[in-house]
Amino acid sequence: MHALYAQLLVGLINGSFYALLSLGLAIIFGMLNIINFAHGALYMMGAFCAYFLLSLCGFGYWWALLIAPIAVGIFGMFLERTMLKWLAGLDHLYGLLLTFGIALMVQGIFQNYFGSSGLPYAIPDELKGGMNLGFMFLPIYRGWVVVFSLLVCLATWFLIEKTRLGAYLRAATENPALVRAFGINVPRMITLTYGLGVGLAALAGVLSAPINQVRPLMGADLIIVVFAVVVIGGMGSIMGSIITGFALGVIEGVTKYFYPEASNTVVFVLMVLVLLVKPTGLTGRAT
Amino acid sequence: MTVTTDDALPMKPRAIHDQTVIFVVMAVSLSCVPFTDIYPIFVMQALCFALLACAFNLLIGFGGLLSFGHAMFLGTAGYVSAHVLKVWGLSPELGVLVGVTASAALAIVTGAVAIRRQGIYFAMITLALSQLVYFLYLQAPFTHGEDGIQGVPQGRLFGMFDLSDPTILYYFVLVSFLSGYLFVFRTINSPFGEVLKSIRENEPRAISLGYKTDRYKLLAFILSGALAGFAGSLKVFVAQNVSLTDVHWSMSGEIVLMTLVGGLGTIFGPVIGAFVIVAMQQYLAGFGQWVTVIQGVIFVACVLMFRRGIAGEIANAFVGARRKI
């Protein structure tokens, strides 16, 4: 049973990353109508940002948790201003191709300087060790990742669904021209939204740095699983992305315990099954 | 996908004439390669990728469907052909046939799932499905995991032509490529191709005219998958090995890049794109990972500035602009 609990925990952690990444994708998709293929690369940049902050400036984990999402978010806003902006009105697929190109560039540059092997990033002192829950041993850092990312997801949900800013954002998604007529700067809102989505990806990167090593391709394969998560969830709602993300992480973890051979493929198999029954995804709207 | 092309109308006789001229020039100049100093292996590789890009372009350029998982057809046909050639000892023509059949079967299954969604979702689903296939081949015993299948025998085509002779192999690949090219050409100029274009332009209207658009899209997907598989089987004879690189999703990205560089929705464009990208990889190999960066830059530049690709921009530069290479 201990192994099952351990796999459940691993599943919850992976689920936290899926949720943070698919949440960012959903926010960006809502405003920009772009599937951000660069999301995995930006997640990787978040982890590298934490690594640089520690090795070059001596800023530890807690600073990284704050600075990395902001820094990568600003980089994202720069990308939006200089490139993505020009795709407005074109077919959605050009956005996917453009962000794919950006991902190739970013990952290629990091691979040139750091090879493909991983760089270690230590768990901060405050979160070292673990506690015995009676039925299992819980490493504190892993528990922290799950709780913290859940909080961030809920905060993002609150921001978008319950605040005035979120109301503007949702309105601009529905009808940008009308919202602009009310005197709201829609282009700036689009830029900030992209920054927010990218920041969430970078935050996931910082959280994962002490668990998985910091590698240039850490986001490349993860992003495809996240795409499958998005297809299953349907990207219809913010809450849908969060729940689907965590749930699929857990399902993956449980599969790893009962039938390890299928753990790499279970999300994709689920995607096929969901598509056969409900092509719009579990929480999706028809498009 | 609304590709920047303007051939919604059936092709004019003049355009057909131009296409024929291009085809003849291409066929003649490619047949001269063995008599020159050009490295034949390079041209054969480029021809395999050109066929692959043509197959991919049939789907996106004329059906509006962006598949981000075409590597799965390349890899499936490659693995199956290599296995039956090496382990079962089948003849080359049967090896190709079995490989293409396997790809077509995979295309039927994956296509039936993928065409249930459109646009970017279609792209993401094909990508996820190809990653599923990648993991299957990573674990399946017959693919030998990370090692791949090495040293595949080339054999004698129809018991007559010894494919281990580089010149004979070259003409085998060339004839296969040209027939694949003609097949794509014939398909898009058939009534089926016209329906496909109408679906790309305006699917609801095609549905209201009574076309079962899902069937047309599925058939296009199967044709494209089978043809991509044909390219994968040919590649086995050229490289004599198959590895996980052929099924990895970065290969799918390269296929998209070749077609985008050459010109989405043009017939000749994917061929140019494939030659440009394969040449780039060949001659820039010393730069290591910078090649990936350069590919990324090309991607971005094409999407932002040259959406018509090389062939499209050239055709556009000519007077009349509507005819395309």
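Values in this document were obtained by computation on a predicted structure and should not be read as measured data. The sequence lines fix the lettering, A, B, ..., with proteins before strands; numbering per chain opens at 1.
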**Message:** Using a 4.5 angstrom heavy-atom cutoff, name the option from B:V303, B:L136, B:V291, B:V256 with the most pairs to chain A.
**Reply:** B:V303
**Message:** Has B:Q295 got a side-chain atom pairing as donor or acceptor with A:L104's backbone, closer than 3.5 angstrom?
**Reply:** no
**Complete:** Residues at least two apart in sequence or cross-chain that pass side-chain hydrogen bond (donor to acceptor under 3.5 Å, both in side chains) with B:T126, listed by chain then number, are none
**Request:** Can you run down the ring-ring contact (aromatic ring centres under 6.0 Å, His included) pairs that involve residues 97-118 of chain A, sequence neighbours left out, and say none if there aren't any?
**Result:** A:F37-A:F100, A:F48-A:F110, A:F48-A:F114, A:F52-A:F114, A:F100-B:F68, A:F100-B:F299
**Request:** Would you mind telling me which of A:I34, A:N112, A:L98 has the largest number of heavy-atom pairs within less than 4.5 Å of chain B?
**Result:** A:N112
**Fill in**
Test side-chain contact (heavy atoms from CB on, under 4.5 Å), reference B:L127, set A:L96, A:I223, A:I224, output is A:I224
**Message:** Nearest 0.5 angstrom please: A:D91 CG to B:R307 CZ, how far?
**Reply:** 10.5 Å
**Prompt:** Of all of A:D221, A:T265, A:N264, which one pairs up most often with chain B through heavy atoms under 4.5 Å apart?
**Reply:** A:N264
**Structural part of A:A220 lying under 4.5 Å from a heavy atom of chain B** = both
**Prompt:** Which atoms form the tightest heavy-atom contact between B:T292 and A:G108, and what is the distance?
**Reply:** CB-CA, 4.3 Å
**Asked** Distance from B:I120 atom CD1 to A:I35 atom CD1, nearest 0.5 Å?
**Response** 4.5 Å
**Prompt:** Given a strict heavy-atom distance threshold of 4.5 Å, which part of B:L129 is in contact with chain A: side chain, backbone, both, or neither?
**Reply:** both
**Prompt:** Any chance CZ of B:F142 has more than 12 other-residue heavy atoms, nucleotides or ligands included, within less than 6.0 Å?
**Reply:** yes
**Asked** Between the side chain of B:Y121 and the main-chain N/O of A:T280, is any donor-acceptor distance below 3.5 Å?
**Response** no
**Message:** According to side-chain contact (heavy atoms from CB on, under 4.5 Å), who are the partners of A:V254, at least two apart in sequence or on a separate chain?
**Reply:** A:L8, A:V250, A:F258
**Fill in**
So, the part of B:V297 with a heavy atom under 4.5 Å from chain A: the answer is both
**Distance, nearest 0.5 Å, that separates CG of B:L304 from CG of A:L90** = 9.5 Å
**Prompt:** Is there a side-chain contact between B:L132 and A:M271 (heavy atoms, below 4.5 Å)?
**Reply:** no
**Asked** Within the side chain of B:R116, is there an N or O that forms a donor-acceptor pair under 3.5 Å with the backbone of A:L275?
**Response** yes
**Prompt:** Hey, is CD on B:E146 packed in by over 12 heavy atoms from elsewhere, all under 6.0 Å?
**Reply:** no
**Message:** Quick check on A:K85: does its NZ atom have over 12 non-hydrogen neighbours (other residues, nucleotides or ligands) under 6.0 Å away?
**Reply:** yes
**Item:** Over all atoms of both residues, closest heavy-atom pair of B:V300 and A:M83
**Value:** CG1-SD, 3.7 Å
**Request:** Side chain from CB out, backbone as N, CA, C, O: work out which of these in A:I109 comes under 4.5 Å of a heavy atom of chain B, or both, or neither.
**Result:** both
**Asked** Which residues in residues 69-79 of chain B have any heavy atom lying under 4.5 Å from a heavy atom of chain A?
**Response** none
**Asked** So how far is it from B:W290 CH2 to A:Q111 CD, rounded to the nearest 0.5 Å?
**Response** 11.0 Å
**Asked** Just wondering, are more than 12 heavy atoms of other shown residues or ligands nearer than 6.0 Å to OH in B:Y211?
**Response** no
**Prompt:** CG of B:L260 to CG of A:L93: how many Å apart, nearest 0.5 Å?
**Reply:** 11.0 Å
**Prompt:** Checking heavy atoms, do the side chain of A:L87, its backbone, both or neither come under 4.5 Å from chain B?
**Reply:** side chain
